[in-house]
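These notes are about the structure you will find just below.
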Amino acid sequence: MASFNLLYATFTLLLALLSSSSTFCFAYPFGWGGGGGGGGGVGVGGGGRRPIGTQTYSGLLPGFYGHSCPQANDIVMSVLERAISKDPRMAASLLRLHFHDCFVQGCDASVLLDDGETFVSEKKSVPNKNSLRGFEVIDEIKSELEEACPETVSCADILALAARGSTVLSGGPSWELPLGRRDSRKASLNGSNKNIPPPNSTIQNLLTFFQRQGLNEVDLVSLSGAHTIGMARCTTFKQRLYNQNGNNQPDSTLERSYYHDLKTVCPKTGGDSNISPLDLASPTTFDNAYFKLILSGKGLLTSDQVLLAGNLGKTMQLVKAFADDRALFFSHFGRSMVKMGNIGPLTGYNGEVRKHCRKVNL
Ligand code: HEM
């Protein structure tokens with residue numbers, strides 16, 4: 001009897017441990033502060049932020065739509081397949097939408113709202129204007145989901161599912177994705193201007209922006225790896241080519257031939273909307289080439305190159321480790337995406353499930 005009790009107690013303990021750990025499906029020994037969890041705490045800065053998510057589920061669950069809309073992910077994936085085969089860059093644009101959503105008052109689909117009666121759309125902020133793409137694809141996913149499971153799947157969860165699906169369809173990792181986010185009834189132009197890091201950031205600035213969201217150095221480097229796909233406009237890297245430090249000189253960390261190539265795409269005057277790949281080696285494939293390029297001085301944005309050139313030991317080491325080991329990058333990327341996706345979600349009776357992602361319900 002005593003041995004049965006011991007067995008039972010061990011089993012219960014195991015179950016408790018299993019259910020309280022691991023947000024990620026790859027089993028990998030994370031080397032850099034992996035178990036630390038995000039700093040948490042309460043956000044600062046514009047936009048009336050909610051408490052920030054940490055590595056826990058923040059009330060979100062992978063099986064959230066298991067009964068109410070079991071086909072949700074299949075519907076998302078089928079729309080994504082069509083959209084990405086028509087326009088391979090779309091994967092990158094959708095991945096970025098989730099980031100720009102989560103960094104502004106949490107992952108609540110505020111980024112998708114057009115102007116409302118009481119707020120101005122985040123689409124008009126400096127980081128987003130003439131830059132964010134993919135809103136029609138999100139609309140298409142939403143309209144198919146409304147047909148299959150009316151008023152059930154939130155726009156915030158659609159953004160999270162589309163970010164994961166886009167990563168997978170570009171050749172990147174998958175991860176177990178906690179769901180159950182609800183949609184906000186307001187947007188924050190101010191929050192969007194204040195919380196999204198600019199491309200000319202120093203390493204210290206980048207860390208500060210990420211720490212404000214409960215994210216650490218490992219998250220900064222792994223999530224920057226999203227720049228393994230997609231494009232950037234000349235205006236976001238022009239300063240590096242012509243006047244990096246106010247002395248009319250280019251950024252000395254730029255590799256020479258890359259610098260000359262970039263100047264043809266991005267002249268000193270004009271050409272601001274010309275675009276260049278963030279990963280010139282494989283702009284539509286999710287791989288670790290981004291980190292290899294940084295090692296050879298071919299990061300496109302200042303914010304990319306400073307992960308190495310910023311002289312911060314931890315981020316430098318991570319760039320090297322991810323350049324060396326694609327699987328290590330993939331496992332960290334999935335884990336950090338879950339952390340980012342857990343930033344300040346609305347759950348329970350907070351927020352709503354929008355019928356149209358561009359406007360709040362009446
Ligand atoms: C670390 C700080 C970051 C900075 C400073 C930054 C900055 C930028 C800039 C300036 C662009 C080009 C925008 C344009 O030309 O209009 C861009 C594109 C992109 N960013 Fe970031 N980003 C950062 C982090 C992230 C994160 C965390 C993700 C996602 C997890 C991400 C995903 C992307 C993607 C996929 C693109 C290409 C989008 C497209 O081709 O449409 N970025 N980023």
Report task. Go through Glu151 and Arg354 one step at a time and tell me if the salt bridge (Lys or Arg N to Asp or Glu O under 4.0 Å) criterion holds. Result -> CA-CA 7 Å; Glu151 293 169 54; Arg354 273 181 226 146; over 6 Å; no
Any side-chain donor paired with an acceptor under 3.5 Å for [X] and [Y]?
X	Y	answer
Asp279	Ser282	yes
Gln244	Thr302	yes
Tyr242	Asn248	no
Asp287	Thr228	yes
Asp108	Ser110	yes
Ser276	Arg233	no
Tyr65	Asp157	yes
Asn128	Ser192	yes
Thr315	Gln317	no

Query - Joint cluster assignment, Tyr258 & Leu308, ILVMFWY side-chain distance < 4.5 Å - result: no
Work out which heavy atom in [X] is nearest to a heavy atom in [Y]; give both atom names and the distance.
X	Y	answer
Pro173	Trp175	O-CZ3, 3.4 Å
Cys357	Asp139	CB-OD1, 4.4 Å
Ser188	Val104	O-CG1, 3.7 Å
Gly351	Arg182	O-NH2, 3.2 Å

In Å, rounded to the nearest 0.5 Å, how long is the span from [atom1] of [X] to [atom2] of [Y]?
X	Y	atom1	atom2	answer
Leu94	Ile138	CG	CD1	5.0 Å
Cys107	Leu346	SG	CG	10.0 Å
Lys86	Glu81	NZ	CD	13.5 Å
Met340	Cys102	CE	SG	5.0 Å

Does any part of the side chain of [Y], heavy atoms only, come nearer than 4.5 Å to the side chain of [X], both counted from C-beta?
X	Y	result
Ser166	Met90	no
Ser78	Arg82	yes
Asp87	Ser93	no

Report task. May I ask you to check whether Phe329 and Phe286 place their ring centers less than 6.0 Å from one another? Result -> yes
Report task. Verify whether the ring centers belonging to Phe103 and Phe210 lie closer than 6.0 Å. Result -> yes
Report summary line: In Arg358, Lys124, Lys359, the residue satisfying salt bridge (Lys or Arg N to Asp or Glu O under 4.0 Å) with Asp115 is Lys124
Query raised in the report: Is the NZ or CZ atom of Arg212 both under 6.0 Å from the centre of the six-membered ring of Phe209 and within 45° of that ring's axis?
Result: yes
Query raised in the report: Is Lys123 close enough and on-axis enough to Phe135, meaning under 6.0 Å and within 45°, for cation-pi?
Result: yes
